[in-house]
Amino acid sequence: MTVDYKDTIALPETDFPMRAGLPKAEPVMLKRWEDQGLWQKQREQSKGNEKFVLHDGPPYANGHLHIGHALNKILKDIIVRSQQFMGKDSLYVPGWDCHGLPIEWKIEEQYREKGLDKDEVDINEFRKQCREFAGEWINTQREEFKRLGVFGDWDNYYNTMSFKAEAQIARELGKFLMNGSLYKGSKPVMWSVVEKTALAEAEVEYKEHKSTTIFVRFPIKKAGEPALEDASIVIWTTTPWTIPANRGIAFGPHINYSLYEVVEAEEGSATEVGQKIVVADAMAEDVQGRFKVAEWKHLQSVSAESLEATICHHPFHDAGYPYDVPVLAAEFVTTEQGSGFVHCAPGHGADDYELLTIKHGMPIPDTVAEDGTYYPSVPIFAGESTYTSDGKTGTANGAVMRELAMRKCLMAKENIRHSYPHSWRSKAPLIFRNTPQWFVSMETNDLREKALKAIDDTSFFPETGRNRLHSMIANRPDWCVSRQRAWGVPLPIFVSKQTGEPLRDQEVLDRIFAAYEEEGADAWFSRDPQEFLGNQYNADDFEQVKDVVDVWFDSGSTHAFVLEGRDELKWPADLYLEGSDQHRGWFHSSLLVGCGTRDRAPYDAVLTHGFVLDEKGMKMSKSLGNVTTPQEVNDQYGADILRLWVVSEDYTMDLRIGKGTLKQLADYYRRFRNTFRWLLGNMAHYDASKRVAVEDMPELERWVLHRLQELDILVREACNKYDFHKMYRALHDFCAIDLSSFYFDIRKDNLYCDASDDPKRLAALTVLDEIFNRLAVWMAPILTFTTEEAWLERYGDSMENSVHLQQFPETPVSWNDADLAAKWAKIRDVRRVILGALEIERAEKRIGSSLQAAPVVTVSEEIATILSDVDMAEVSITSDITIETGDVSADAFKLDDVEGVGVVAKEAEGGKCERCWKVLPEITEEHIICNRCDEATSHLAAAE
RNA sequence: GGGCCUGUAGCUCAGCUGGUUAGAGCGCACGCCUGAUAAGCGUGAGGUCGGCAGUUCAAGUCUGCCCAGGCCCA
């Protein structure tokens with residue numbers, strides 16, 4: 001009967017389970033953190049430390065979180081936590097963006113379902129419902145964010161609809177008003193006929209749309225050269241309804257044009273024999289076909305000079321359109337489609353406005369009302385609609401074409417499908433419409449220049465973000481900040497009925513701001529305007545602007561009411577972090593508000609991450625069925641898996657996620673978890689009073705400490721550069737390659753079988769302690785739940801304990817030993833050769849366990865010197881080993897990349913020690929355990 | 001259509017200023033162990049470096065074009 005020696009060895013003992021059960025365990029941990037007031041504890045503990053402020057870009061309080069939110073908030077959390085671990089007082093105040101069209105639209109939808117009309121409801125009642133809607137989503141999202149392990153001041157979050165915020169947003173706008181940057185202008189803007197509002201660029205989406213295209217003949221009134229008399233210029237447009245607003249024709253200065261005369265017209269052609277037409281040469285053949293001209297004659301080329309000197313009649317010049325239509329050169333004209341001439345309506349197109357109004361100073365006619373119908377003042381077409389209130393094509397196109405045809409000016413008519421702007425909410429096609437709007441000038445107070453300078457002074461992660469933001473600021477037009485909507489911060493502006501100028505009086509503004517602060521921006525609508533105007537002005541002399549400010553101005557002002565508005569924070573922020581789309585959004589608007597009011601950006605650094613795609617790199621969409629939600633991942637795997645995902649890929653590029661990704665992540669996770677588990681199991685035998693001094697440790701232990709020192713440097717550098725992928729890789733590979741398959745594997749024998757007071761064993765335990773304390777804390781920003789679980793397993797679950805109250809441990813520089821590392825790199829090479837040789841023995845069924853082997857290793861003099869004081873049997877986990885110096889024999893096992901090492905595997909002689917399983921000559925039938933084990937167990941017995 | 005960006009083994013990534021047979025981890029296959037066991041160890045098979053053309057003695061690395069994908073804009 002053999003003794004069960006298993007009881008005499010120090011196997012790992014731990015309650016830290018191999019299987020994590022994160023979906024159930026994480027909520028319990030969250031509850032614990034809440035109960036112990038971990039956030040407050042952390043604040044108290046780091047009071048007075050240098051602050052690190054990552055200012056939260058507010059998500060929109062509308063709908064459940066998607067995977068992109070998770071990426072964003074987890075990345076923020078990892079940064080905030082890592083800064084805290086590096087000794088900062090790292091403060092994160094989450095926030096929400098609340099105003100704006102999508103919420104307004106949701107409430108309007110509810111109205112429509114009940115058969116109510118929004119316009120019949122009191123505006124503040126409507127705003128109240130928007131406010132409640134946003135408030136509910138804030139609560140929902142807050143819980144969803146917390147579930148991800150995101151740590152912040154969740155009880156004191158900020159939002160853009162608080163009274164304080166609304167007042168401050170108005171104050172910021174007031175600054176632009178007072179310094180003259182804010183001006184009233186008129187511009188064609190993207191306009192939704194359905195929602196009766198101008199739309200921000202971000203509110204527009206482009207999708208395919210069917211448009212009627214027409215070729216229209218403009219008779220020449222004043223010819224630029226004699227040949228052009230009695231001729232016509234033909235334009236092409238995809239928006240027939242804009243013809244009444246036409247005030248010019250554009251041609252390309254580098255395009256060749258010619259005059260053609262119709263010789264023979266086909267049946268049904270709108271042309272007449274003898275008619276003279278100017279078109280681009282490149283389009284002539286195409287146009288001839290479309291016009292059903294059987295034959296025409298090329299009369300002559302027409303120069304740019306001639307064209308520029310030409311003036312046309314408006315097609316309806318006989319019926320109330322007596323305008324001269326000048327022919328103007330413009331670079332934007334192409335010969336891809338049409339006739340080579342572009343009709344220009346400055347009230348209905350950006351290029352048109354640029355060319356006619358900005359460049360040639362022509363007035364903009366107001367032709368279309370907010371509901372999409374022509375104003376009563378428009379001859380012929382008064383009341384006709386461009387688009388109807390439900391987004392369908394209106395009557396205007398037909399009416400215009402009828403009138404053109406009547407005058408023999410409609411030369412051809414077709415349909416095309418092309419990309420066309422639509423409202424992101426109603427999905428209805430948009431028009432460009434000339435409207436009075438409020439603008440922040442990019443030039444009046446050198447805003448553009450200041451912003452570009454501020455970009456130079458900002459750090460970008462990755463660096464490419466600088467260029468992207470720079471080119472956007474350099475090219476952007478003035479900022480249209482007004483919206484004809486209800487749910488937002490009203491522009492605090494009174495316009496003088498007499499002069500048309502906005503009132504610029506700080507006292508009036510201050511009264512408005514005070515009212516906003518007191519009861520929210522609703523005050524603008526609920527209070528008597530005279531209250532704001534005071535005694536100095538008469539409300540009857542002013543028009544109260546009812547527009548609200550662009551929501552980008554709201555979020556662009558968060559730094560004012562959050563960073564400046566809270567004592568615990570600081571202005572500017574250390575970091576703004578958002579998806580790369582925010583170059584156009586929050587980074588951009590914050591920069592402009594910052595520079596316009598404080599002459600610099602509200603951030604020192606900007607970090608951008610990519611977008612989340614499916615496993616194949618395609619955009620996620622419900623129709624493709626490739627959507628992964630954070631809720632799913634939490635329920636199936638746990639938030640720590642999602643957090644691991646964030647660092648497992650390079651967030652500066654687009655990230656991918658799907659079933660396969662998650663499976664792989666679970667494997668990565670297991671490696672970390674089992675490393676912790678094994679460490680914890682061995683720490684059960686750790687005794688702090690028996691720690692071994694570094695100088696008394698074996699080389700192998702000192703090598704591990706060297707690695708820890710290298711990693712310490714790497715981890716801190718990576719955190720400072722926000723390069724968590726690199727850090728994660730280094731730590732993962734450390735666990736897998738250095739620890740599990742090398743150090744742990746070798747030291748199992750010592751830890752399990754050596755006498756409890758054996759110096760080597762105690763040294764190993766000391767090192768395991770150093771490893772655990774670092775690995776747990778280094779990984780804590782990423783695996784927040786798992787590292788805490790491990791930490792509490794090790795140090796007890798007292799409410800005072802938490803890994804998140806630790807700092808990255810100081811790691812002595814003296815642990816660094818490059819010579820030792822180089823030596824052990826060589827040793828590992830030799831080990832690889834030995835292990836390779838054993839594999840052959842295994843294949844030949846001569847051995848199973850490596851302890852059955854006692855290989856003979858032949859090495860060069862140089863390597864022999866290196867190995868002279870190394871126990872290669874221990875390192876190779878064999879029972880014995882012979883190292884010989886000399887030439888490697890031909891039949892020895894070798895590796896191509898390890899020179900001067902040959903191994904002949906031999907079986908170990910003797911019997912198997914019942915306790916440590918080594919095969920040793922001293923083992924006999926009577927003596928079933930080896931001398932080392934004998935001593936170890938007697939020691940044990942003595943201790944008992 | 002324009003601006004910015006990405007494309008290296010099944011997956012996630014290395015590969016510096018162009019220079020010997022392109023690397024790693026994971027996964028996979030096979031084997032070992034059965035005292036980290038729904039774990040641990042080892043070995044192995046996987047790549048036209050998105051494609052084409054060019055510059056060069058030499059290109060994954062430089063240039064151009066094309067393809068695929070992403071963000072932003074029109």
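Proteins get letters first, then strands, A, B, ... in listed order; numbering begins at 1 in each.
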(request) When you get a sec, tell me which of C72(B), G42(B), G25(B) is the closest nucleotide to the side chain of D733(A)? (result) G25(B)

(request) Find the distance F460(A):CZ to C71(B):P and express it as a whole number of Å. (result) 21 Å

(request) With C1' as the reference atom in both, quote the distance from C52(B) to C67(B) in angstrom, rounded to an integer. (result) 10 Å

(message) Check whether F742(A) forms a cation-pi arrangement with R828(A) (NZ or CZ under 6.0 Å from the six-membered ring centre, at most 45° off the ring normal).
(response) yes

(message) On a heavy-atom basis, which atom in A280(A) and which in G340(A) lie closest, and how many Å separate them?
(response) CB-CA, 3.8 Å

(request) Would you check if K748(A) and W678(A) make a side-chain contact, meaning some heavy-atom pair closer than 4.5 Å? (result) yes

(message) I'd like the P distance from U63(B) over to C4(B), given in whole Å.
(response) 14 Å

(request) Measure from the side-chain heavy atoms of R19(A) and tell me the nearest of G25(B), C71(B), A38(B). (result) A38(B)

(request) Can you tell me the distance, in whole Å, between the CZ atom of R656(A) and the C1' atom of C13(B)? (result) 13 Å

(message) Between U8(B) and G46(B), how many Å separate the two C1' atoms, rounded to a whole number?
(response) 14 Å

(request) Quick one: label H583(A) by what it contacts on the DNA or RNA (base, sugar-phosphate, nothing), any heavy atom closer than 4.0 Å. (result) nothing

(request) Go ahead and name the base partner of C65(B); Watson-Crick or wobble counts if both distances stay under 3.5 Å, otherwise write none. (result) G51(B)

(request) In whole angstrom, give me the gap between the P atoms of G15(B) and G7(B). (result) 11 Å

(message) Taking atom types as they are modelled, would you say the side chain of R670(A) forms a donor-acceptor pair with the base of A39(B) within the 3.5 Å cutoff?
(response) no

(request) Under a 3.5 Å limit for both distances, which nucleotide forms a Watson-Crick or G-U wobble pair with U17(B), could you say? (result) none

(request) Using atom CG of L469(A) as one end and atom P of C72(B) as the other, report the distance to the nearest whole Å. (result) 15 Å

(request) Once you apply the 3.5 Å cut-off to both distances, tell me the Watson-Crick or G-U wobble partner of G25(B), or none. (result) C11(B)

(request) Indicate syn or anti for G35(B), taking the glycosidic torsion and treating anything within 90° of 0 as syn. (result) anti

(request) Provide the distance between the two C1' atoms, one in G50(B) and one in C5(B), to the nearest whole Å. (result) 16 Å

(message) Measure CG/D581(A) against C1'/G3(B) and give the value in whole Å, please.
(response) 16 Å

(request) Apply ring-ring contact (aromatic ring centres under 6.0 Å, His included) to W917(A) and list each qualifying residue two or more places apart in sequence or on a separate chain. (result) none

(request) Fit a plane to each ring of F672(A) and Y728(A), take the angle between them on a 0 to 90° scale, and name the class: parallel (under 30°), tilted (30 to 60°) or perpendicular (over 60°). (result) tilted

(message) Before we go on, tell me: are the rings of H422(A) and H209(A) under 6.0 Å apart, centre to centre?
(response) yes

(message) Taking the C1' atom in each of U21(B) and G47(B), what is the distance between them to the nearest angstrom?
(response) 14 Å

(message) Say we look at A29(B) and C66(B): how far apart would their C1' atoms be, to the nearest angstrom?
(response) 38 Å

(message) Tell me the interatomic distance from Q664(A), atom CD, to A9(B), atom C1', rounded to whole angstroms.
(response) 13 Å

(message) For the C1' atoms, the ones on G25(B) and on U6(B), what distance do you get once it is rounded to whole angstrom?
(response) 22 Å

(request) Would you check if the side chain of Q582(A) reaches a backbone N or O of W586(A) as a donor-acceptor pair within less than 3.5 Å? (result) yes

(message) Which nucleotide wins on minimum distance to the side chain of D650(A), given the candidates C4(B), C13(B), C73(B)?
(response) C13(B)

(request) Starting at atom CG of L731(A), determine the distance to atom C1' of A24(B), rounded to an integer number of angstrom. (result) 16 Å

(message) Does Q852(A) form a side-chain hydrogen bond (donor to acceptor under 3.5 Å, both in side chains) with S879(A)? I'd like the steps, not just the answer.
(response) CA-CA 7 Å; Q852(A) 291 171 260; S879(A) 286; over 6 Å; no

(message) I'd like to compare against my own output: the B/S/- annotation of nucleotides 30-37 of chain B with a strict under-4.0 Å heavy-atom distance to protein.
(response) -SSSSBBS

(message) Partner lookup for C30(B), please. Criteria are Watson-Crick or G-U wobble with both distances under 3.5 angstrom; report none if nothing qualifies.
(response) G42(B)

(message) What is the distance, to the nearest angstrom, from the CG atom on D351(A) to the C1' atom on G2(B)?
(response) 12 Å

(request) Return the value, rounded to whole Å, for the distance between atom CE of M472(A) and atom P of G2(B). (result) 17 Å

(message) Using a 4.0 Å heavy-atom cut-off, does I737(A) contact any base of the nucleic acid, only the sugar-phosphate backbone, or nothing at all?
(response) sugar-phosphate

(request) Could you say whether G660(A) or G836(A) is positioned toward the 5' end of RNA chain B, judged by the nucleotide with the nearest heavy atom to each? (result) G660(A)

(request) Assign each of Q582(A) and Y728(A) to its nearest nucleotide of RNA chain B by heavy atoms, then name whichever residue's nucleotide is nearer the 5' end. (result) Y728(A)

(message) Checking base pairs now: Watson-Crick or wobble, both atom distances under 3.5 Å. What partners C71(B)?
(response) G3(B)

(message) Over all strands shown, is F611(A) touching base, sugar-phosphate only, or nothing at heavy-atom distances under 4.0 angstrom?
(response) sugar-phosphate

(request) Give a yes or no on whether a donor-acceptor pair under 3.5 Å exists between the nucleobase atoms of C71(B), that is its base, and the side chain of R468(A). (result) yes

(message) The side chain of H725(A) is closest to which nucleotide in this list: C71(B), C5(B), U12(B)?
(response) U12(B)

(message) Students often mix this up, so state it plainly: with edges at 30° and 60°, are the rings of F724(A) and Y722(A) parallel, tilted or perpendicular?
(response) tilted

(request) May I ask you to establish whether R761(A) and Y752(A) are in a cation-pi arrangement, using a distance under 6.0 Å from NZ or CZ to the six-membered ring centre and at most 45° from the ring axis? (result) no

(message) With a cut-off of less than 4.0 Å, is there a side-chain N or O of K659(A) near OP1 or OP2 of C11(B)?
(response) no

(request) Sort out the partner of U56(B) for me: Watson-Crick or G-U wobble, both distances under 3.5 Å, none otherwise. (result) none

